[in-house]
Amino acid sequence: MQSAWLKSVCVVLLALACLSPSLAEEPSAEDSKKGTKSPTMTVFGDLIEIGAGLQITPEGGKPLQFNKQPLVSWSNPTRPAAPHGCIFVWNQEGRPQVIGSVFTFVVRNEARIKHQLHSLSADPLEATFRDLTVWKPTQPGITWQNVAEGIAPHANERLRLTQMRGIARQFRARLDKPDGTRTQLELKPTPLYRYQSKPEKIVDGAIFSFANGTDPDVLMQLEAYEDDAANTRWRCAFARFHYWRLVVEDSQGTVVWQVEEEPGLKLMTQGDPRLMHLPYVSYIFDQQPIESD
């Protein structure tokens, strides 16, 4: 009986080995690389290398540190141009001063690539790319507002994250299209970025996103900070990541932040002097035709 069972098992294993060679032989590392494409690679090159090519410097300071690890790779198949890209931050003393995205999209038979940048800094900035000044915001990028006045930031890092998620859930954001359509954006529970900065007295910080799919359109920067009286408090600020009108309301339906549409950003090209002073820019810096089969 045992011999018949063993014989049957051998027959099955032999058949599987014939049908699927991978069961009999492990693929080599070289074979694994074949046909594998990096999610950051595009027809314009690697998005990480392109992001690293942006040098951003505060007025009178040293260049910001570029974080080569993308915060997220995103896409938005709901939009006709089917954009996709990566989000990065530029830091100073552990605190993000700029958040940006490098992304590609398609218009008719042409592939295009954009930089999308938003200042999180209180200082004027200057960004250069391929020896050209492409962005020069002159005003603070965000406006802070105190939140959760009755809730002291917890001493435990994990529990502070729970607090931050709870605070973020008190807000809802929407995108208002030029045709009047309103799209409610989804708050992503996992922050895009988490940080601390002793020099800036930031006990804990996070950047949350309100997104359309995986495509962030509104950013919320939330910090537990130490004030002048050595008390630890919460504050937040919002930032746009789209040129259409954006609105944020609190749990009572009161508008706490809004920005109007900036139609000029739709077709902005790098170095446009009419728009490069804005705290948020989104500009095309390269394009190439798509070859048809």
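Just the heavy atoms: all of them, side chains too, but no hydrogens, waters or symmetry mates, feed the values below. If you're wondering where the values come from, they're calculated on a predicted model, not measured in any experiment.
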- Message: Please determine whether the number of non-hydrogen atoms from other residues, nucleotides or ligands lying under 6.0 Å from atom CD of Q65 exceeds 12.
- Response: no
- Query: Checking side-chain contact (heavy atoms from CB on, under 4.5 Å) for the pair E223/R95: CA distance, chi angles, key distance, verdict?
  - Reply: CA-CA 10 Å; E223 290 185 344; R95 190 184 192 189; 2.9 Å; yes
- Do the side-chain N and O atoms of Y225 and E200 include a donor-acceptor pair separated by under 3.5 angstrom? no
- Message: Do R160 and V203 make a side-chain contact, defined as non-hydrogen atoms from C-beta onward lying under 4.5 Å apart?
- Response: yes
- Verdict with supporting geometry, D272 and V281, side-chain contact (heavy atoms from CB on, under 4.5 Å): CA-CA 10 Å; D272 188 333; V281 290; over 6 Å; no
- Message: When you measure from the side chain of R240 to the backbone of Y243, do you find a donor-acceptor pair of N or O atoms at a distance under 3.5 Å?
- Response: yes
- Item | Exam field: side chain Q163 to backbone H154, donor-acceptor pair closer than 3.5 Å | yes
- Message: For the backbone of I151 and the side chain of W234, can you confirm whether one donor and one acceptor N or O come within less than 3.5 Å of each other?
- Response: yes
- Query: Is it the case that Y195 and N67 place a side-chain donor and acceptor less than 3.5 Å from each other?
  - Reply: no
- Query: What is the ring orientation for F238 with W257, classed by angle as parallel under 30°, tilted 30 to 60°, or perpendicular over 60°?
  - Reply: tilted
- Item | Donor-acceptor side-chain pairing of S209 and K188 below 3.5 angstrom | no
- Test: D179 and K177 ion pair at under 4.0 Å: no
- For the pair I113 and L47, evaluate side-chain contact (heavy atoms from CB on, under 4.5 Å) and give the outcome as yes or no after the intermediate values. CA-CA 10 Å; I113 187 166; L47 297 180; 4.1 Å; yes
- Crowded around N231 CG? As in, over 12 foreign heavy atoms under 6.0 Å? yes
- Query: Quick one: does L54's side chain get under 4.5 Å of W135's, heavy atoms only?
  - Reply: no
- Task: Using a 4.5 Å cut-off on heavy atoms from C-beta on, say whether the side chain of I50 contacts that of H115.
- Result: yes
- Any donor-acceptor pair under 3.5 Å from R165 side chain to P189 backbone: yes
- Query: Is the shortest distance from a Lys or Arg side-chain nitrogen in K198 or E93 to a carboxylate oxygen in the other one below 4.0 Å?
  - Reply: no
- Give a yes or no answer on whether the side chain of T104 reaches the backbone of R112 with a donor-acceptor pair at less than 3.5 Å. no
